[in-house]
Protein chains: 2
Amino acid sequence: MSDRPVIRPLPAIDRARQVTDALADYIKSAQLKAGDRLPAERELMSALMVGRSTIREAIRHFQALGVIETRKGSGTYLLKPVSKATIHMPLSLDTGHLRDALLQTLEVRRGIECEACMVAARKRTDTDLVLIEQNLNEMERVHIEKGTSGPEDLAFHLAIYDATHNPLFRQLLEQMRETFWQFWEHPFEREDFARRSFPFHRTLFNAIAAQDVEAAREETLKILDVVEEDIKEMSK
Amino acid sequence: MSDRPVIRPLPAIDRARQVTDALADYIKSAQLKAGDRLPAERELMSALMVGRSTIREAIRHFQALGVIETRKGSGTYLLKPVSKATIHMPLSLDTGHLRDALLQTLEVRRGIECEACMVAARKRTDTDLVLIEQNLNEMERVHIEKGTSGPEDLAFHLAIYDATHNPLFRQLLEQMRETFWQFWEHPFEREDFARRSFPFHRTLFNAIAAQDVEAAREETLKILDVVEEDIKEMSK
DNA sequence: TCGACCAAATTGGTCTGACATCTTAGCATT
DNA sequence: AATGCTAAGATGTCAGACCAATTTGGTCGA
């Protein structure tokens, strides 16, 4: 009588995982690092005792997950280390306009980045603090020298995320950046943005150094407010 | 002189996208909704004028992204609507122990859920409020009746996320739940959890109703603290 | 008439083989 | 020594065949 049975008999996690798991095992057992080249498809074929099409589909799986990159005529390369214990969390954001997507993403970033800085302020070790300060100094140096400091700004923030000792923060924020860099030149590259957000980076560092959780949150919000201004101005 | 050129010649978004884009176009143009069945591989083959292996690899792509499900002998089915404008953001969390993964995920959820409730408190319309209250009443009713209220609790939170008018919040949190439900029975199902987190849901609703942003944040934190207790107790 | 059972058609899963296209490295020529 | 070319090797694609699971339709029997 039910025209669309919601309850599936749940074969659930099925055979498709077998080959991808086998490939993940192979990558793990071979101790492959990011940037390394995987064996050729015909080698994996005989190594895993399966046909080439099966190998290719497993490769496509990890390619869709952003773990692997294939270059025609050259080979397939590992972008991020992976093991069978890796948990994949694919997200799909369907939006008509890029401006909306950027603003929506920024709202989420407010939550994640503030929490990351708060956790970093709470959990940071002295070693973390040294790394963060090094990146901050380098960023300020390049900023005075060249006017912009895109890569150095990114490195500073990544150092903070690493201080949370929670890899998920870095994963999430790095992925959000990479995803949207395909469509939009990030304001970090612009001189105007660097100038306006400049002072807040030092105050953010001071808050993390003093382990002042609330201050870390407020300084992060100030930086993101500058980003929001840029998005609204740029895409109108 | 550089032994590992960081700068890639950037074929970047290459040919692999062509077929997947074509498949996304096909899905969009055919007005397929979630749950619908896609044409058979052999039909898509002739429809898109490509070989079957190419079709299969495109299907594997969307399958890895959690958009499509294939059932042997039956067909391939759409799980989530997709268009060419869909932006995919795959995440990989590599962790040795499930307990660590859950706690790390919880830290991120603190950031996202708090922000979602804050945004909801700010942006909610009266229509949103009615929907949230309906779900809250239903949840309390079932709780009194059965002792637990797993699905109703989820529906309540989803209604809040929808009140943000930002689909990314719901996407992110739904995906985090789905991902980890494969490995762990969520405490929402447990009577103990429902009892302890019970009062905070009503206060959270009141905060959103009053558009009190700070209160919404604090009540959300209280709920998540209960979750944290459960994770720490459950996995020791 | 209704239910159970069976067989054929349909569909995804896999393997094999072949060819095209691109990359890379080594060789030969200048 | 620098340059250009060729061949080997890699991925990308197509075609055809067969297997395994599901679905569907019809037949048979109670």
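The shown structure was predicted, so the numbers you read here are calculated from the model rather than taken from an experiment. So that the names make sense, note that chain A is the first sequence line, chain B the second, and so on, each numbered from 1. Only this structure's heavy atoms are used, side chains among them; waters, hydrogens and symmetry mates stay out.
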| said: Take a 6.0 Å sphere around NZ of B:K28 and say whether it holds more than 12 heavy atoms from other residues, nucleotides or ligands. | reply: no
| query | OP1, OP2 of C:dG13 versus side-chain N and O of B:T70: anything below 4.0 Å? | reply | yes
| B:T54 side chain near D:dG12 phosphate (N/O to OP1/OP2, under 4.0 Å) | no
| request: Please state how far atom CD in B:E41 lies from atom C1' in C:dT10, giving the value in whole angstrom units. | output: 12 Å
| C:dT16 P sits how many Å from A:M49 CE, rounded? | 10 Å
| said: Under the rule for salt bridge (charged side-chain N to carboxylate O under 4.0 Å, His left out), what residues qualify as partners of A:E174, not counting sequence neighbours? | reply: A:R170
| field | Whole-Å distance separating the CD1 atom of B:I59 from the C1' atom of C:dT14 | value | 15 Å
| remark: Out of C:dG12, D:dC14, D:dT11, minimum distance to the side chain of B:R42 belongs to C:dG12
| request: Give the C-alpha distance, both sets of side-chain angles, the deciding distance and a yes or no for salt bridge (Lys or Arg N to Asp or Glu O under 4.0 Å) between B:R52 and B:E41. | output: CA-CA 7 Å; B:R52 195 177 160 210; B:E41 294 175 356; 2.9 Å; yes
| query | Once you round it to whole Å, what is the distance between P of C:dG12 and CZ of B:R60? | reply | 12 Å
| request: Provide, to the nearest angstrom, the distance between the NZ atom belonging to A:K72 and the C1' atom belonging to D:dT11. | output: 7 Å
| query | Whole Å only: how far is the CE atom of A:M45 from the P atom of D:dG9? | reply | 16 Å
| request: Classify the side chain of B:R52 and the base of C:dG13 as holding, or not holding, a donor-acceptor pair under 3.5 Å. | output: yes
| message | Is A:R37 close enough to D:dT11 that one of its side-chain N or O atoms is under 4.0 Å from OP1 or OP2 there? | response | no
| query | Quick one: on DNA chain C, does A:G51 or B:E43 contact a more 5' nucleotide (nearest heavy atom)? | reply | B:E43
| said: Between the base of D:dG12 and the side chain of A:R71, is there a donor and acceptor pair under 3.5 angstrom? | reply: no
| request: Grab the CG-C1' distance between B:L38 and C:dT11 for me, whole Å please. | output: 13 Å
| note | In whole angstroms, the gap separating C1' of D:dA21 from CD of B:E69 amounts to 15 Å
| note | Which of A:E138, A:E140, A:M139 passes side chain to side chain contact (heavy atoms under 4.5 Å, CB included) with A:V142? Answer is A:E138
| Got a sec, which residues hit side chain to side chain donor-acceptor pair (under 3.5 Å) with A:Y77, two or more places apart in sequence or on another chain? | A:S74
| query | Any side-chain N or O of A:R56 less than 4.0 Å from the OP1 or OP2 oxygen of D:dG12? | reply | yes
| said: By the 4.0 Å heavy-atom rule, please label B:S74 as base, sugar-phosphate, or nothing. | reply: sugar-phosphate
| message | Starting the side chain at C-beta, find the nucleotide from D:dC14, D:dT11, C:dG12 nearest to B:A40. | response | C:dG12
